[in-house]
Structure formats: structure tokens, C-alpha cells
Amino acid sequence: MELAQLRYFVAVVEEGGFTRAGARLHVSQPGVSAQVAQLERELGQRLLDRSGRRVTPTEAGRAVLSYARAALAAVEGVRRTAEEFSGLLRGRVALGLVPGAAGAVVDGFDVVEVLGAFHDEHPGVEIALSEDTSERMLAALLRGELDLAVVGLAGEPPPGVSCQVVLDEPLVAAVRADDPLVAAAVNGTIPLAALRGRALISLPRGTGLRGVLERACAQAGFAPRVDFEAAAPAVLVRLAARGLGVAVVPTGAESAAGPDGAGGSGSGSGGLCALRITDPGLTGRVALAWRTDGPSGPAARKLLGRLRSGASGRPAP
């Protein structure tokens, strides 16, 4: 049994097929298939079910999978520990980001600036960035596929994940100044119930902000009618500025609509107003997240420390 065979087997399971696993490992599909087949012969068990469109582990494969991952992690730990003694930090850090996080600077928390300074100091560390929904990134953290993530929180983080909040802002309804909601607002606020039946513009399902909205609406006795989805708040407010609905976004995001769409009180059909949502008030939180037992590698632990020192806020309960 060779480590390469275990690595190929784990990759096939995680990617759901031999072709995608080969692309991930930079190995031809026949090479991956041959190595996994050799592993199955050595173990005397069929580890993968190849009958469907997606390759899945058999019962024996599921039992072997955790040991294969542990073996690969142990070998990586040996390598990283030896590198620590050499004084040269190496390795790979997988960092997940909610869309738009890399381009935003919130209360001094600048992901790009931290990554740039970290790379200058540790050029031997590879940093892999990816964007996804918060729900999927939190699951990837727990599976060990991500080392760190900047996520939106709809509630408490799942067991096994620790967080440090970097943004905690009230949510507002961004609408054109000629929208009836503006005339009905009291001191720039509207109750959540005013959004019942309205065309809403929101982040996709699986994001923290969407989770906050759906949970609050369910408690108020109605389901939100989301007509438009976009991955970045800036796009949401631009859609609202065109009169396509009510964008539910964090305070301050409405400024992304540009000169013709900005304006706290708004005037004319081109203005955009931000109305504070109350009864109940909704809050959008973005947090730096990591596994509670800490990232496994020294590079990820070092980067976590840098990001935490650059993040404002407090640990989430």
C-alpha cells in the first residue's frame, strides 16, 4: 500500500469521479483509476461504487476513508514539523471567503493587505483562495478542506468552529426614493412585516445574510419573496436602484449604487434610500472562522494569528 494510492482514493471520493480527481492531482484519469484499483486488490475490498453518474464510496470505502485521511494528515504533519525546525515556513493554506470579502476593508480588517504582508514574510507558503456560500464553507472547515474562512453568520457557529466577528451591522431595506415604503417609513425605519409580499433582492441561500432574513421572516409568519439573487451586496443595491425590488443589505452597502442611487433620504425616482428594518431588528455579521481545535499546519496557524490581530470585534459566543 502506497501513500499515493490513499491520496488518489480520497481525491476520487471528494471530487465524485476519477476525471475531476485527476485534474485536481494533475494526474491522468487512467492513472488515478489504476492506482485505486490496485489499492482495492491489495485490500481485497471494493472501495468505490462506479455504477452511478457520481462515484461514491461503498460501505467498506466509507470505513477506510477516515483512516486514509488520517494517514495522509499524519505524513503532512511530519513534513511540516520538520520544516518548522529548519526555520523556514512552508506549506499550503486554504482560505475561504464570502464573495466581496477580498475587496472590502471593514474597520481596518483588510484581507488582501494581511495576505500580502504574510506572503512577503513567508514566500514559501502557498495560499489557496476560494469563494463560496457561508454554509458550504463552514462544512468544509469541519471536514478539513479549508483551514480558515471569512463567513456570514446567521446564528451561532456550528459545534467545532470558533469565530471572531469582523462586521456586525444592522440590515436595511434599500429602495428607490419613489417606493411606497419610503412614504410609509417612520423616522427612516420600517417593520419587517412591511416586506411581506414585496419583491426582495438578497444574497443566495446558504449565506449568513440570507439565513438571517429567512429566519426572521419565518418567525414573523411569512416566507420572503426573493425575486433576484446576487453574490455581492454591491450588485443587490444596483438592482434596487433600477427599481427591481427591495435589497436587504448591511448598513452602508447602499452607497455602492453610485451617485445616482445614493442618498440617505433620497429625492426623485433616481435616489436610493436605506430604511432600517425593525420589529425585529436584523443584523448581518461577518466573522473569521476556524476549527476550534485549531488549523493543523504551522502556516495556517501563523496566518490565523495575523488575521485575528487585524480583525476588530470579539469572539462569537
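Computed from a prediction, not measured in an experiment: that's the story for all the values here.
Ion pair Asp179/Arg198 flagged as a salt bridge, since at least one NZ, NE, NH1 or NH2 atom sits closer than 4.0 Å to an Asp/Glu carboxylate oxygen. The pair Glu121-Lys302 does not meet the salt-bridge criterion, since no charged nitrogen lies less than 4.0 angstrom from a carboxylate oxygen.
Follow the hydrophobic side-chain contacts under 4.5 Å out from Phe222 and you reach Leu209 in the same cluster.
Across Ala60 and Gln45, no two heavy atoms sit closer than the pair CB-OE1, 4.0 Å. Listed here is the closest heavy atom pair of Phe9 and Ala68: CD2-CB, 4.2 Å. For the pair Ser202 and Arg210, the tightest heavy-atom approach, listed with the atom from each and the gap, is OG-CD, 3.3 Å. Residue Val98 comes nearest to Val151 through the heavy atom pair CG1-CA, 3.6 Å, listed as atom of the first residue, atom of the second, then distance. Heavy-atom minimum distance, Gly208 versus Ala154: O-CB, 3.6 Å. Taking both residues in full, the closest heavy atoms of Leu244 and Ala199 are given as O-CB, 4.2 Å, listed atom of the first, atom of the second, then distance.
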Which donor-acceptor pairs under 3.5 Å do the side chains of residues 139-146 make with protein atoms, sequence neighbours left out?
from	atom 1	to	atom 2	distance (Å)
Arg143	NE	Glu145	OE1	3.4
Arg143	NE	Glu145	OE2	2.8
Arg143	NH2	Glu145	OE1	2.9

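More than 12 heavy atoms of other residues, nucleotides or ligands shown are found within 6.0 angstrom of CZ on Arg50. Counting non-hydrogen atoms of other residues, nucleotides and ligands closer than 6.0 Å to CD of Glu135 gives a total of 12 or fewer. In Glu59, the CD atom is not crowded: 12 or fewer heavy atoms of neighbouring residues, nucleotides or ligands sit closer than 6.0 Å.
Remark: Leu272 CG to Arg176 CZ distance equals 9.0 Å, nearest 0.5 Å. To the nearest 0.5 Å, atoms CG (Asp132) and CG (Leu97) are separated by 10.5 Å. A distance of 9.0 Å separates CE of Met137 from CG of Leu95, quoted to the nearest 0.5 Å. Distance CG/Leu213 to CG/Leu203: 9.5 Å, rounded to 0.5 Å. With rounding to the nearest 0.5 Å, the separation of CD in Glu214 from OG1 in Thr207 is 8.0 Å. With values rounded to the nearest 0.5 angstrom, Leu303 atom CG is found 5.0 Å from Phe118 atom CZ.
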Worksheet item: For Asp178 and Val182, what are the C-alpha separation, side-chain angles and deciding distance, and is it a side chain to side chain contact (heavy atoms under 4.5 Å, CB included)?
Response: CA-CA 7 Å; Asp178 58 355; Val182 177; over 6 Å; no
| task | Please lay out, stage by stage, how Leu43 and Met1 fare under the test side chain to side chain contact (heavy atoms under 4.5 Å, CB included). | result | CA-CA 9 Å; Leu43 296 178; Met1 184 186 309; 3.5 Å; yes
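Screening residues 1-14 for side chain to side chain donor-acceptor pair (under 3.5 Å) gives Glu14-Arg24, Glu14-Arg69 as the qualifying pairs, with residues at least two apart or on separate chains.
Looking at heavy atoms from C-beta onward, Leu288 lies out of side-chain contact with Cys163 at the 4.5 angstrom threshold. A 4.5 Å side-chain heavy-atom check between Leu153 and Val286 finds every atom pair outside the cut-off. Within the 4.5 Å cutoff, the side chain of Asp227 has no heavy atoms near those of the Leu200 side chain. The side-chain heavy atoms of Arg242 and Leu239, taken from C-beta on, include no pair separated by under 4.5 Å. At least one side-chain heavy atom of Leu48 sits under 4.5 Å from a side-chain heavy atom of Glu40. For the pair Ile201/Val226, no side-chain contact is recorded, criterion being any heavy-atom separation below 4.5 Å from C-beta on. Between Val246 and Leu275 there is no side-chain heavy-atom pair separated by less than 4.5 Å. Between Val36 and Phe18 there is a side-chain heavy-atom pair separated by less than 4.5 Å.
With Thr251 contributing its side chain and Pro170 its backbone, the two residues share a donor-acceptor pair below 3.5 Å. Side chain of Arg291 to main chain of Val161: no donor-acceptor pair is present (N/O by atom type, distance under 3.5 Å, no hydrogens or angles). Checking side-chain atoms of Asp147 against main-chain N and O of Ala94 turns up a donor-acceptor pair under 3.5 Å. Using a distance-only test at 3.5 Å, with no hydrogens or angles considered, no donor-acceptor pair links the side chain of Arg136 to the main chain of Ser134. Remark: side-chain polar atoms of Glu15 are not paired, donor with acceptor, to backbone N or O of Ala23 under 3.5 angstrom. At distances below 3.5 Å, at least one donor-acceptor pair connects side-chain atoms of Thr58 with backbone N or O atoms of Leu47.
No side-chain donor from either of Asn187 and Thr189 sits under 3.5 Å from a side-chain acceptor of the other.
Under the side chain to side chain contact (heavy atoms under 4.5 Å, CB included) test applied with Leu192, the options Thr278, Leu171, Leu282, Val248 reduce to a single match, Leu282.
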